[in-house]
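A note on names: the letters A, B, ... follow the listed sequences, proteins ahead of strands, and every chain is numbered from 1. The structure displayed is predicted, hence computed values, not measured ones.
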Amino acid sequence: MLSKKQLRNDVEAVAKALQKRNFSFDIKTLNDLENSRKNNQVKAQELQNLRNTQSKAIGKAKAAGEDIKPLLAAVANLGDDLDTAKTELQAIQSKIDEIALSMPNIPHDSVPEGDSEDDNVEVSIWGKPKDYDFEVKDHVDLGELHGLDFETAAKISGARFSVMTGKIARLHRALTQFMLDQHSEVNGYTEAYVPYLVNSESLMGTGQLPKFEADLFKTHLHGEEGEAKTLYLIPTGEVPITNMMRNTMVNEKDLPLKFVGHTPSFRSEAGAYGRDTRGLIRQHQFEKVELVQVVKAKDSYRTLEELTNHAEGILQALELPYRKVNLCAGDLGFSAAKTYDLEVWLPGQSAYREISSCSCFEDFQARRLQLRYKNKDTNKPELLHTLNGSGLAVGRTLVAVLENYQQADGSIKIPSVLQNYMGGLSTLTQ
RNA sequence: GGAGGGAUGGCAGAGCGGCUGAAUGCACUGGUCUUGAAAACCAGCAAGGAUUAAUCUCCUUCCAGGGUUCAAAUCCCUGUCCCUCCA
């Protein structure tokens, strides 16, 4: 959420900044609401003040043993007037809140202009796609040879699910373990195990709600429809991990906070019909190792580079060619101020595909989360900045390993950093 | 499944329907003292919002949501979470 102060004092600038990401809103409506909010709030507060003073006077008179009847009569209608004023004010406030909550974050200056992923800007390239002296297969054909099974998954659950059996399941797990170890032991993150079902407040905190409910899987306890009994399957580990810090005043000496967690992610993929229907690329359920950092405002963009490097480190250790792109404003996620995508080379598609998304949210999430620390210099609480990134999406990493490490006979060489996690195995054979 | 107890500032922890935005301790900040530090002593110190050039002033907030009352941290109801006991 953007700051209300900013919306109040600087709507024009906000509107202009959001235009960069093709988001527009009605400035006049907001200004009108803002004006009536102001009038109503002043009115309501005056009435409250009146009531407070009168009530105190009654208390004093009573203590002094005076007759309070005339005083009581004087406040007789106050309650109703106050209720009316309050109700009006609340109605206006919630309209303003609704608008404010639906507004995306303002893109950072370094975010390129553009409407779609075609306008993303390549920042760097690492590694070189291999030349294969045979016809390469994609991960679905390769996976089939090694125990990746979409038909059985379809029987159990439906489309966009997968089953893995045998060594390929272990390879999938090996990737997860390697990533967790790397981030917790080398990069200094604290490992976190978190719930996979979360309440609506948490999704509000990271920005998935109220706007993107359609993307989520929703559960009702005992079939109840009541809001309090609703839990959602997490669309990313970002949600529970970041929300660990919701409503907290962090000790300055504990900053930066760095967490890594391995969770499944569940996405309805509403609106993605027909896209990436083949294979593991776009699933309702997939594993991800997620990095989250909470830092002081002045550190956040330096941290974005660092966190992205941590994700890149996994790709480099696995010797997978990739490129790093700076997302253009039109392709930026709702809560992000700036995002780097890492795209891994997939020989089966002859294309770079997203495997990690690393974002800086500035104080956009922190404001909703009420995540702050006390600044010693000013002695005032200040919002912190949040960042996260996949380090990496495990399913897609498996895809990349299968396709990049394939051999003519369909066997898969195991990247050397994973061999220990595979009981010393160096090749996946049928 | 049943019966109780609890949730208060960064933390711990008092709190009588009006004098309580809240005692006290810790932490923190400033000062005195000291070569310096520690200790001791003195002072300050919740958040959010309205208004203001700023000060001032005002409003809201004691888990959440309702209710009673002229007036609620305090009384009543519902919910959430924590704890204890019984089965």
Heavy atoms of E252(A) and K296(A) approach each other most closely as OE2-NZ, 2.9 Å
S359(A) pairs by side-chain hydrogen bond (donor to acceptor under 3.5 Å, both in side chains) with which of T308(A), T339(A), N105(A)? T339(A)
Taking only the P atom of each, what is the distance from U24(B) to A43(B) in whole angstrom? 11 Å
Taking 4.0 Å as the cut-off, does a side-chain nitrogen or oxygen of N49(A) come that near to OP1 or OP2 on C58(B)? no
Taking every heavy atom of L101(A) against every heavy atom of R368(A), the minimum-distance pair comes out as O-NH2, 3.0 Å
Could you check which nucleotide pairs with A40(B) in any of the strands shown, counting Watson-Crick or G-U wobble with both distances under 3.5 Å? U32(B)
Under 4.0 Å, heavy atoms only, any strand: does Q41(A) hit a base, just the sugar-phosphate, or nothing? sugar-phosphate
Please report the distance, rounded to the nearest Å, between CD in Q45(A) and C1' in G48(B). 12 Å
Sole candidate of E354(A), E122(A), E305(A) that passes salt bridge (Lys or Arg N to Asp or Glu O under 4.0 Å) when paired with K324(A): E305(A)
Atom NZ of K5(A) to atom C1' of U52(B): distance rounded to whole Å? 13 Å
Distance between the C1' atoms of C82(B) and U8(B), in whole angstroms? 15 Å
According to the Watson-Crick and G-U wobble definitions, with both distances under 3.5 Å, which nucleotide is paired to G25(B)? C11(B)
Any strand: nucleotide that pairs with A71(B) via Watson-Crick or wobble, under 3.5 Å: none
Report the C-alpha distance between F364(A) and H385(A) in whole Å, list the side-chain angles of each, state the deciding distance to 0.1 Å, and finish with yes or no for ring-ring contact (aromatic ring centres under 6.0 Å, His included). CA-CA 8 Å; F364(A) 189 86; H385(A) 281 196; over 10 Å; no
Identify all pairs in which a protein N or O lies below 3.5 Å from an N or O of nucleotides 6-12 of chain B, and state each distance.
none

Integer angstrom distance from the P of G4(B) to that of U78(B): 13 Å
To the nearest Å, how far apart are N247(A) CG and A46(B) C1'? 15 Å
If pairing requires Watson-Crick or G-U wobble contacts with both distances under 3.5 Å, which nucleotide is the partner of A64(B)? U78(B)
Interface polar pairs with nucleotides 60-64 of chain B, N/O, under 3.5 angstrom:
| unit_1 | atom_1 | unit_2 | atom_2 | d |
| --- | --- | --- | --- | --- |
| U60(B) | OP1 | Q48(A) | OE1 | 2.6 |
| U60(B) | OP2 | N52(A) | ND2 | 3.3 |

Only pairs with both distances under 3.5 Å count, Watson-Crick or wobble alike; so what is the partner of A3(B) in this structure? U84(B)
Going through the checks in order, is the salt bridge (Lys or Arg N to Asp or Glu O under 4.0 Å) test met by D276(A) and R353(A)? CA-CA 11 Å; D276(A) 299 314; R353(A) 293 299 308 259; 3.1 Å; yes
With rounding to the nearest 0.5 Å, note down the distance linking CG in L203(A) to CD in E213(A). 9.0 Å
Rounded to the nearest angstrom, tell me the gap between atom CD1 in I96(A) and atom P in G48(B). 19 Å
Distance in angstrom units between L371(A) CG and A47(B) P, rounded: 17 Å
Provide the distance between the two P atoms, one in A23(B) and one in G44(B), to the nearest whole Å. 13 Å
Between A47(B) atom P and N375(A) atom CG, what is the distance in whole Å? 12 Å
To the nearest Å, how far apart are L82(A) CG and C58(B) P? 17 Å
Go through F217(A) and H284(A) one step at a time and tell me if the ring-ring contact (aromatic ring centres under 6.0 Å, His included) criterion holds. CA-CA 9 Å; F217(A) 284 103; H284(A) 285 314; 5.6 Å; yes
Assess the residue pair F212(A) and F334(A) against the criterion (ring-ring contact (aromatic ring centres under 6.0 Å, His included)); give the C-alpha distance rounded to whole Å, side-chain angles, the decisive distance to 0.1 Å, and a yes or no. CA-CA 10 Å; F212(A) 305 101; F334(A) 180 78; 5.3 Å; yes
Nearest listed nucleotide, side chain of K56(A), among A71(B), A47(B), C19(B): C19(B)
Rounded to whole angstrom, note down the P distance from U57(B) over to A22(B). 13 Å
When rounded to whole Å, the NZ to C1' distance for the pair K4(A) and G48(B) reads 11 Å
Relative to each other, are the rings of W126(A) and Y322(A) parallel, tilted or perpendicular (30° and 60° limits)? parallel
For U55(B), the Watson-Crick or wobble counterpart (both distances under 3.5 Å): none
When the P atoms of A64(B) and U74(B) are compared, how many Å lie between them, rounded to an integer? 11 Å
Which whole number of Å gives the distance between the C1' atom of C58(B) and that of A39(B)? 44 Å
Spacing of the C1' atoms in A73(B) and C62(B) (rounded, Å): 5 Å
Base, sugar-phosphate alone, or nothing: which one does K62(A) contact when heavy atoms must sit under 4.0 Å apart? base
Quick one: pull up CG in N243(A) and CD1 in I234(A) and give me the separation to the nearest 0.5 Å. 11.0 Å
Starting from the 5' end of RNA chain B, give me the residue, R37(A) or S55(A), whose nearest nucleotide shows up first. S55(A)
